[in-house]
Chemist: 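Please find one structure pasted underneath; my questions will follow.
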Amino acid sequence: MIHAHVTSWFIAIILLFVCFSLQKNGKEKQAKTTKMILRLFYILILATGGHLFGLYASALGSGILSSAVFWKVLAGLWVIVSMEFLLAKQAKGKSTEIAWIQFVVSLLVALFFGYIVL
C-alpha cells in the first residue's frame with residue numbers, strides 16, 4: 001500500500017506542473033481535464049493514506065492523536081490544499097508566489113514526517 005500511496009503522490013505532483021503550464025499557456029480545456037485527473041489522484045492519495053493511517057492507528061491505539069502519524073496526515077492534507085490553492089490563484093490571474101512557497105513548505109514537511117520521522 002505504501003508504494004501505491006507514493007506513486008499517487010508522485011503522479012499528482014507531475015499533474016500539478018502539467019496543469020499549471022497548461023493554464024499558463026491559455027489552454028483552458030486541456031487544463032480543466034488535467035485538473036479533473038489530478039483530483040482523481042487526490043482521491044487515490046486520500047484512500048491509500050487513510051488505509052495506512054488505519055494500520056498505524058490499530059497498532060498505536062489511543063496514542064495516535066499525539067503521534068507523528070497524525071502530524072503526517074495533517075501535512076499531507078496541507079499539501080493537497082496548497083496544490084488546489086496554487087491552481088485556483090493562477091486560474092484567477094493572481095500572483096502565485098505565496099502559493100508556491102506554501103506548496104514547497106507543506107511538501108517538505110510531509111516528506112520530513114513521511115521519510116525521516118516515520
Side-chain angles (χ1 to χ4, degrees):
M1 191 58 64
I2 292 174
H3 294 293
H5 188 66
V6 172
T7 302
S8 297
W9 268 116
F10 184 73
I11 293 171
I13 291 171
I14 290 171
L15 286 172
L16 171 73
F17 288 112
V18 169
C19 189
F20 188 84
S21 70
L22 287 171
Q23 282 183 347
K24 189 174 186 179
N25 294 327
K27 298 180 180 179
E28 291 301 319
K29 186 173 182 174
Q30 293 91 343
K32 187 174 183 178
T33 303
T34 306
K35 201 180 290 187
M36 288 298 123
I37 296 169
L38 177 60
R39 289 177 178 152
L40 174 67
F41 275 90
Y42 292 158
I43 294 170
L44 290 172
I45 290 166
L46 292 172
T48 56
H51 179 73
L52 291 171
F53 181 74
L55 293 176
Y56 278 109
S58 65
L60 293 174
S62 63
I64 192 73
L65 294 179
S66 61
S67 70
V69 177
F70 180 72
W71 295 106
K72 166 62 173 94
V73 169
L74 291 180
L77 291 173
W78 183 23
V79 174
I80 291 173
V81 169
S82 67
M83 290 168 77
E84 276 296 307
F85 180 66
L86 175 65
L87 292 176
K89 287 283 247 185
Q90 187 198 28
K92 293 178 182 177
K94 296 182 179 180
S95 174
T96 58
E97 289 178 12
I98 299 296
W100 276 111
I101 292 169
Q102 180 179 350
F103 169 68
V104 170
V105 169
S106 65
L107 183 62
L108 290 175
V109 169
L111 290 173
F112 173 75
F113 277 106
Y115 286 102
I116 295 175
V117 175
L118 295 179

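Counting begins at 1 with the first residue of the sequence.
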Chemist: Measuring only between side-chain heavy atoms, which start at C-beta, is Gln90 closer than 4.5 Å to Leu86?
Modeler: no
Chemist: Give a yes or no on whether Val18 and Ile11 share a hydrophobic cluster (residues Ile, Leu, Val, Met, Phe, Trp, Tyr; joining criterion: side-chain heavy atoms under 4.5 Å apart).
Modeler: no
Chemist: Would you name the heavy atoms of Phe41 and Ala12 that are closest together and state the gap between them?
Modeler: CB-CB, 4.2 Å
Chemist: Measuring from atom OG1 of Thr96 to atom NZ of Lys89, what distance do you get when rounded to the nearest 0.5 angstrom?
Modeler: 9.0 Å
Chemist: Quick check: closest heavy atoms across Val79 and Ser106, and the distance to 0.1 Å?
Modeler: CG2-O, 3.3 Å
Chemist: Are Leu77 and Phe10 co-members of a hydrophobic cluster defined by side-chain heavy atoms under 4.5 Å apart?
Modeler: no
Chemist: If you look at every heavy atom in Glu28 and Gln23, which pair is closest and at what distance?
Modeler: OE2-O, 3.9 Å
Chemist: For Thr48 versus His5, what's the shortest heavy-atom pair and its separation?
Modeler: OG1-ND1, 2.8 Å
Chemist: Using a 4.5 Å cut-off on heavy atoms from C-beta on, say whether the side chain of Trp71 contacts that of Val117.
Modeler: no
Chemist: Same cluster or not: are Phe103 and Ile14 linked, directly or through other Ile, Leu, Val, Met, Phe, Trp or Tyr residues, by side-chain heavy atoms under 4.5 angstrom apart?
Modeler: no
Chemist: Has Ile98 got more than 12 heavy atoms of other residues, nucleotides or ligands less than 6.0 Å from its CD1?
Modeler: no
Chemist: For the hydrophobic clusters of this structure (ILVMFWY residues joined by side-chain heavy atoms under 4.5 Å, transitively), does one cluster hold both Leu22 and Tyr42?
Modeler: no
Chemist: Hey, are the side chains of Phe113 and Leu74 touching, using non-hydrogen atoms and a 4.5 Å cut-off?
Modeler: no
Chemist: Does Ala88 have any side chain to side chain contact (heavy atoms under 4.5 Å, CB included) partners at least two apart in sequence or in another chain, and if so, which?
Modeler: none
Chemist: Would a hydrophobic clustering, with Ile, Leu, Val, Met, Phe, Trp and Tyr connected at side-chain separations under 4.5 Å, put Met1 with Ile45?
Modeler: yes
Chemist: Hey, could you give me the CH2/CG distance between Trp9 and Leu44, rounded to the nearest 0.5 Å?
Modeler: 12.0 Å
Chemist: Within a reach of under 6.0 Å around CD1 of Ile2, are more than 12 heavy atoms found that belong to other residues, nucleotides or ligands?
Modeler: no
Chemist: How far does CG of Leu38 sit from CD1 of Ile43, to the nearest 0.5 angstrom?
Modeler: 10.5 Å
Chemist: From Lys72 NZ over to Leu52 CG, what is the distance, rounded to the nearest 0.5 angstrom?
Modeler: 9.0 Å
Chemist: Taking ring pair (Phe, Tyr, Trp, His ring centres under 6.0 Å) as the test, write out the residues that go with Phe20, two or more places apart.
Modeler: Trp100
Chemist: Taking all non-hydrogen atoms of both residues, which atom of Cys19 and which atom of Ala31 are closest, and how far apart?
Modeler: SG-O, 3.5 Å
Chemist: How far does CG of Leu40 sit from OG of Ser8, to the nearest 0.5 angstrom?
Modeler: 9.0 Å
Chemist: Nearest 0.5 Å please: distance from the NZ atom of Lys35 over to the CE atom of Met83.
Modeler: 12.0 Å
